[in-house]
Amino acid sequence: MRESGSFAPIGSTGMSAQLLDGKQISTEIIGEVRSKVDFRVANAFRAPALAVVLVGDDPASAVYVRNKKKACESAGIRSLSYEFPASLSEDALLDLVRSLNEDPAVDGILVQLPLPSHMNAERVIETINPLKDVDGFHPYNFGRLALKMPLLRPCTPHGVMVMLEKTGVDLVGKDAVVIGASNIVGRPAALELLLARATVTICHSRTRDLADKVRAADVVVAGVGIPNFVQGDWIKPGAIVIDVGINRQADGKLCGDVQFDIARTRASWITPVPGGVGPMTIAMLMRNTFDASVNLNP
Ligand SMILES: Nc1nc(=O)c2c([nH]1)NC[C@@H]1CN(c3ccc(C(=O)N[C@@H](CCC(=O)O)C(=O)O)cc3)C=[N+]21
């Protein structure tokens with residue numbers, strides 16, 4: 001019998017969601033990429049090479065760049081880094097991108113976002129050779145995903161889909177709600193879910209009755225960048241919750257967009273932050289870099 005004072009919180013199902021361990025899944029995937037790289041290298045191909053371009057000193061970008069370099073080492077991918085002060089001109093950046101496009105020793109090009117405000121990010125992305133666009137941000141790759149013929153898929157939404165696969169739950173006909181309509185998370189995540197034949201609702205800052213839409217969802221993907229934006233008691237019992245937010249709190253700790261402690265008492269599966277979608281993004285980047293190297297050097 002329960003002792004007094006230990007009752008489950010109101011609204012709790014008495015259950016606790018299973019955790020989707022992005023760190024572990026990403027380690028497995030990076031190991032798979034490593035085996036494929038080793039096989040190609042054993043067959044006289046050079047190792048895949050990823051060029052990472054960082055302009056300015058966004059602290060979040062610096063963490064990402066560091067984690068990417070570590071992942072490249074584990075995957076057997078050569079990583080080339082280009083770092084510039086925020087004062088770099090857009091023309092100089094475009095010239096670098098064009099020279100990386102031409103360089104036969106480079107398979108993947110990643111220009112870290114956000115770029116300084118004096119630059120036009122769309123123009124920079126459109127200058128990247130779509131076959132080297134390992135972020136999947138070029139309109140060519142985005143369009144291919146929209147047309148059900150994906151080539152290089154945006155890493156974060158692709159990582160979300162791999163995590164959803166790990167649940168073993170069939171997404172066909174499920175009601176999925178994506179919160180956030182950004183070019184790098186919400187929109188491509190919605191296209192991925194549609195490709196998996198879910199029924200998709202995309203919510204954004206002008207959406208009315210967001211809580212009701214979330215309450216109806218079998219799958220919730222949150223990418224808004226605001227801590228606790230998705231209240232735990234909105235989650236339908238048994239739903240799958242994927243938290244794409246990575247927010248740094250005043251105490252330096254990371255948290256997602258979802259009120260995790262309550263959501264986990266209702267969800268069937270949930271991703272933690274950190275250790276959820278973030279590491280998956282990096283694993284998918286390694287996969288894209290390998291795939292780009294195969295496409296370019298068949
Ligand atoms: N062109 C471009 N492509 C990107 O994919 C891109 C970008 N620009 N700019 C910045 C954002 C951010 N981003 C992250 C990816 C992984 C983690 C990650 O691995 N996070 C770990 C730990 C982070 C930590 O310890 O601080 C985690 O969530 O567990 C974080 C952030 C990719 N981005």
Side-chain angles (χ1 to χ4, degrees), residues 19-27 29-30 50-75 79 81-84 86 93 96-97 100 108-116 119-128 130 132-139 141-142 152-160 162-163 180 182-189 222-225 227 242-249 251-258 260 270-289 292:
L19 276 192
L20 281 162
D21 185 341
K23 183 74 200 140
Q24 192 197 312
I25 302 166
S26 94
T27 303
I29 289 172
I30 291 170
L50 171 66
V52 175
V53 183
L54 177 59
V55 185
D57 48 10
D58 181 54
S61 284
V63 175
Y64 182 37
V65 168
R66 181 156 26 84
N67 291 350
K68 266 182 304 208
K69 275 184 197 155
K70 275 191 272 173
C72 282
E73 274 173 39
S74 308
S79 119
S81 309
Y82 299 83
E83 297 189 15
F84 301 98
L93 179 58
L96 171 64
V97 169
L100 295 169
I109 303 170
L110 184 151
V111 178
Q112 188 81 25
L113 301 178
L115 285 167
M119 291 196 189
N120 178 336
E122 285 79 39
R123 189 151 55 209
V124 175
I125 291 167
E126 285 206 70
T127 302
I128 297 172
K132 297 190 177 188
D133 167 40
V134 287
D135 264 329
F137 290 169
H138 192 288
N141 284 311
F142 204 93
L152 293 170
R153 298 156 76 159
C155 299
T156 299
H158 191 193
V160 167
V162 170
M163 293 180 113
S182 70
N183 288 351
I184 63 171
V185 176
R187 279 166 204 261
V224 282
I242 309 287
D243 193 344
V244 186
I246 301 182
N247 308 298
R248 196 163 297 274
Q249 301 170 102
D251 62 5
K253 290 195 183 128
L254 295 180
C255 73
D257 293 345
V258 178
F260 181 84
I270 193 166
T271 63
V273 178
V277 175
M280 295 301 296
T281 298
I282 293 183
M284 295 302 116
L285 176 66
M286 298 300 106
R287 239 197 215 171
N288 275 353
T289 304

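Both ligands and their constituent atoms are indexed starting at 1 by order of listing. These values consider heavy atoms only, across backbone and side chains, with no hydrogens, waters or symmetry-generated copies.
- Look at Lys69 and Glu83 and you find a salt bridge, because one of the NZ, NE, NH1 or NH2 atoms lies within 4.0 Å of a carboxylate O, short of that distance.
- Within the 4.5 Å cutoff, the side chain of Leu100 has no heavy atoms near those of the Lys132 side chain.
- Nearest protein heavy-atom neighbour of atom 11 (C) of ligand 1: Tyr64 CD2, 4.1 Å.
- The heavy atom nearest to atom 23 (C) of ligand 1, out of those in Leu110, Ile282, Leu254, is found in Leu254.
- Each of Val111, Leu110, Asn141 was scored for a side chain to side chain contact (heavy atoms under 4.5 Å, CB included) with Asp133, with one residue passing: Asn141.
- Atoms of ligand 1 found under 4.0 Å from any heavy atom of Gly275, numbered from 1 in the order shown, are 27 (C), 28 (O), 29 (O).
- Side-chain contact between Ile29 and Met284: present, with at least one pair of heavy atoms (C-beta onward) separated by less than 4.5 Å.
- Near Pro274, with a cut-off below 4.0 Å to any heavy atom, the atoms of ligand 1 are 27 (C), 28 (O), 29 (O).
- Counting only non-hydrogen atoms, the option in Ile246, Asp58, Asn67, Asp135 that gets closest to atom 3 (N) of ligand 1 is Asp135.
- Closest to atom 26 (O) of ligand 1 by heavy atom, among Lys70, Arg248, Lys23, is Arg248.
- Closest to atom 16 (C) of ligand 1 among all protein heavy atoms lies Gly278 O, 3.3 Å.
- Ile109 and Leu50 make their closest contact through N-CD1, 4.4 Å (heavy atoms, listed as atom of the first residue, atom of the second, distance).
- The shortest N or O to N or O distance between Leu113 and ligand 1 is under 3.5 Å.
- Scanning all protein heavy atoms for the shortest distance to atom 21 (C) of ligand 1 gives Pro279 CD, 4.2 Å.
- Considering backbone and side-chain N/O of Gly276, none are found under 3.5 Å from N/O of ligand 1.
- In this structure, atom 7 (C) of ligand 1 lies nearest to the protein heavy atom Gln112 NE2, 3.4 Å.
- Residues Leu254 and Asn247 fail the side-chain proximity criterion, which asks for heavy atoms closer than 4.5 Å.
- Within the 4.5 Å cutoff, the side chain of Val55 has no heavy atoms near those of the Tyr82 side chain.
- When each of Thr281, Asp243, Val244 is checked for a side chain to side chain contact (heavy atoms under 4.5 Å, CB included) with Val160, only Val244 meets the rule.
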